[in-house]
Amino acid sequence: MTGQTMIRLFLALLLGSAVAWSCSAKSLPDGRGLVFHDSFVDLGERWAGEQIDLEFPFTVVESAIAIDSVFPECGCLALELWTDGQPYQLGAQIAAGTEGVLKVHYNTAGFRDRKFIGINLKGAGEGLSARVEVRSWLRSWFELTPSVADFGVIDGKEAQVLNVEVRGQKPFRMTKLITQSPGIEIRGVPSTASSARHVLEIVVPATTAEGRHAGFFSIGTDMEGYTFRFGVGWEVAGDLWTRPDTRLLLGQVKRGVETFSVIEVGARAGQLETPLVELSGLPGAEARVEKLATEGRYRVHLKLLPNSAKINGEVLLSLPYTVDGHSKTIRRRIQVFGVAGSE
């Protein structure tokens with residue numbers, strides 16, 4: 001073997017050893033301070049309703065940091081920060097060389113198509129502020145008909161019922177109501193049997209609450225933790241109305257100083273005579289009724305004299321009302337709330 005061949009063999013062995021050592025050694029991510037190993041996680045195409053757990057590992061490089069806040073850009077993400085295998089207390093210093101992870105629980109229920117969600121971290125040290133992102137494309141495992149339970153305009157005299165058909169990719173059971181907006185009732189949960197098709201009854205009870213209303217339901221199933229949610233909307237426009245309908249909120253007022261507010265009353269059909277007003281639990285308060293130019297409308301002027309820290313009383317309205325030749329007196333009760341501070 002020639003000397004030149006020996007030299008070439010020696011250099012090849014030396015280079016191979018260097019490469020092997022560099023591959024086995026742990027390399028630090030590029031940057032200083034807080035450095036996430038990946039700036040985003042791409043989940044690809046998933047079924048809407050899946051509950052997904054994922055992680056963003058990070059390293060603190062060369063200089064210490066402190067994370068003060070972690071905020072997701074969507075309430076569908078629940079977050080936990082861990083450092084060196086322990087839950088992290090916000091604001092505590094994280095030494096250089098520390099390994100950590102941002103744990104994310106992603107509730108995909110109620111979303112469709114492209115869903116890119118940022119997570120923002122703020123604090124002290126290099127690399128902060130920081131942002132990472134969860135990316136997904138969501139397909140509906142459940143099909144709802146209609147997709148939104150819109151009751152339209154109702155008069156509020158009687159309870160209203162709307163059926164919503166729920167179809168799945170295969171038989172399933174609805175197991176429980178996870179969240180429910182007040183003032184609405186849902187029937188059909190839990191399911192009595194497993195099926196690819198279910199029918200829910202959404203009920204809006206009789207109400208005098210004028211105006212546009214909205215709410216939503218979130219329902220759990222036995223399909224690998226899948227959930228779904230849907231919106232409910234309705235508008236109340238009754239023959240006889242008051243504004244506000246049930247509560248008059250005064251906010252913060254000054255104790256011992258006169259405060260003024262109004263309640264309006266009207267009829268969309270029939271004939272409304274001058275309302276009678278009684279006040280309860282409102283010492284020193286006075287009420288005056290004004291007939292407005294628009295037929296069938298009145299304004300109740302209230303003068304209040306707060307003499308305690310809390311205002312908690314009632315305005316009782318007796319409304320002489322005639323419709324279709326039938327006369328009756330309808331009573332409405334409006335609660336009055338406020339907080340009185342010092343002058």
Side-chain angles (χ1 to χ4, degrees), residues 146 148-164 181-187 201-215 231-251 253 258-306 310-338:
V148 175
D150 189 353
F151 286 82
V153 179
I154 62 176
D155 59 19
K157 295 178 181 179
E158 299 177 349
Q160 302 292 315
V161 180
L162 184 66
N163 289 341
V164 175
S181 295
I184 319 168
E185 180 186 351
I186 187 166
R187 300 170 183 167
E201 285 190 350
I202 316 302
V203 183
V204 173
T207 178
T208 60
E210 287 276 325
R212 183 70 185 172
H213 303 269
V232 182
W234 70 97
E235 183 176 355
V236 178
D239 293 341
L240 193 62
W241 54 267
T242 63
R243 296 194 186 105
D245 57 299
T246 57
R247 291 188 293 178
L248 175 60
L249 304 179
L250 301 174
V253 298
E258 289 183 346
T259 298
F260 300 90
S261 191
V262 297
I263 298 170
E264 293 201 358
V265 185
R268 292 187 175 89
Q271 185 175 359
L272 176 64
E273 301 296 335
T274 303
L276 301 177
V277 184
E278 297 178 53
L279 304 177
S280 175
L282 299 168
E286 299 177 8
R288 176 177 61 87
V289 179
E290 173 193 5
K291 181 176 175 60
L292 302 180
T294 304
E295 183 66 27
R297 291 187 61 178
Y298 298 85
R299 181 173 292 143
V300 179
H301 296 266
L302 299 175
K303 182 173 72 172
L304 307 169
L305 186 61
K310 293 183 179 179
I311 302 170
N312 187 356
E314 291 181 332
V315 178
L316 308 174
L317 300 175
S318 297
L319 309 175
Y321 181 55
T322 302
V323 63
D324 298 330
H326 299 284
S327 297
K328 55 185 174 180
T329 298
I330 296 175
R331 290 178 171 81
R332 295 283 174 86
R333 185 186 304 270
I334 299 174
Q335 294 179 296
V336 182
F337 297 104

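Within the 4.5 Å cutoff, no side-chain heavy atoms of Val203 are placed close to those of Ile186. Between Asn312 and Phe337, some side-chain heavy-atom pair lies under the 4.5 Å cut-off. Inter-residue side-chain proximity for Leu316 and Val277 is flagged as unmet; no heavy-atom pair is nearer than 4.5 Å. A heavy-atom distance below 4.5 Å is not found between the side chains of Trp241 and Arg332.
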For a side chain to side chain contact (heavy atoms under 4.5 Å, CB included) check, start with the C-alpha distance between Val232 and Ser181, then their side-chain angles and the critical distance, and finish with the verdict.
CA-CA 9 Å; Val232 182; Ser181 295; over 6 Å; no
Apply salt bridge (charged side-chain N to carboxylate O under 4.0 Å, His left out) to the pair Arg268 and Asp155, showing each step before the final yes or no.
CA-CA 10 Å; Arg268 292 187 175 89; Asp155 59 19; over 6 Å; no
Could you walk me through whether Leu279 and Val315 pass side chain to side chain contact (heavy atoms under 4.5 Å, CB included), step by step?
CA-CA 5 Å; Leu279 304 177; Val315 178; 3.9 Å; yes
Apply salt bridge (charged side-chain N to carboxylate O under 4.0 Å, His left out) to the pair Glu286 and Arg288, showing each step before the final yes or no.
CA-CA 7 Å; Glu286 299 177 8; Arg288 176 177 61 87; over 6 Å; no
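Listed by first then second residue, pairs satisfying side chain to side chain donor-acceptor pair (under 3.5 Å) with a partner in residues 274-284 number zero, not counting sequence neighbours.
Checking each of Ile263, Thr259, Val262 against Leu302 for a side-chain contact (heavy atoms from CB on, under 4.5 Å) leaves exactly one that passes, namely Ile263.
Residue Val164 comes nearest to Ala149 through the heavy atom pair CG2-CB, 4.1 Å, listed as atom of the first residue, atom of the second, then distance. Scanning all heavy atoms of the two residues, the minimum distance from Leu272 to Ala267 falls at CB-CB, 4.1 Å. Shortest non-hydrogen contact noted between Leu248 and Ser261 is CD1-OG, 3.5 Å. The two atoms that bring Pro275 and Pro320 nearest to each other are CA-CD, 4.2 Å, heavy atoms only. The shortest heavy-atom contact between Pro306 and Val253 is CG-CG2, 3.7 Å. Of all heavy-atom pairs between Tyr321 and Asp239, the closest is OH-CB, 3.4 Å.
Note that the CD1 atom of Ile202 and the CD1 atom of Ile184 stand 8.0 Å from one another [nearest 0.5 Å]. Rounding to the nearest 0.5 angstrom, the gap separating the CZ atom in Arg333 from the OG1 atom in Thr246 is 12.0 Å. Atom CG of Leu319 and atom NZ of Lys328 lie 11.0 Å apart (nearest 0.5 Å). Expressed to the nearest 0.5 Å, how far CG of Asp245 lies from CD1 of Ile334 amounts to 7.5 Å. Rounding to the nearest 0.5 angstrom, the gap separating the CG atom in Asn163 from the CZ atom in Arg187 is 10.0 Å. If you take CD on Glu235 and CZ on Arg212, they are separated by 6.5 Å, rounding to the nearest 0.5 Å.
A side-chain donor-acceptor contact under 3.5 Å links Gln160 to the backbone of Glu158.
By the 30° and 60° cut-offs, the orientation of the rings of His213 relative to Trp234 is parallel.
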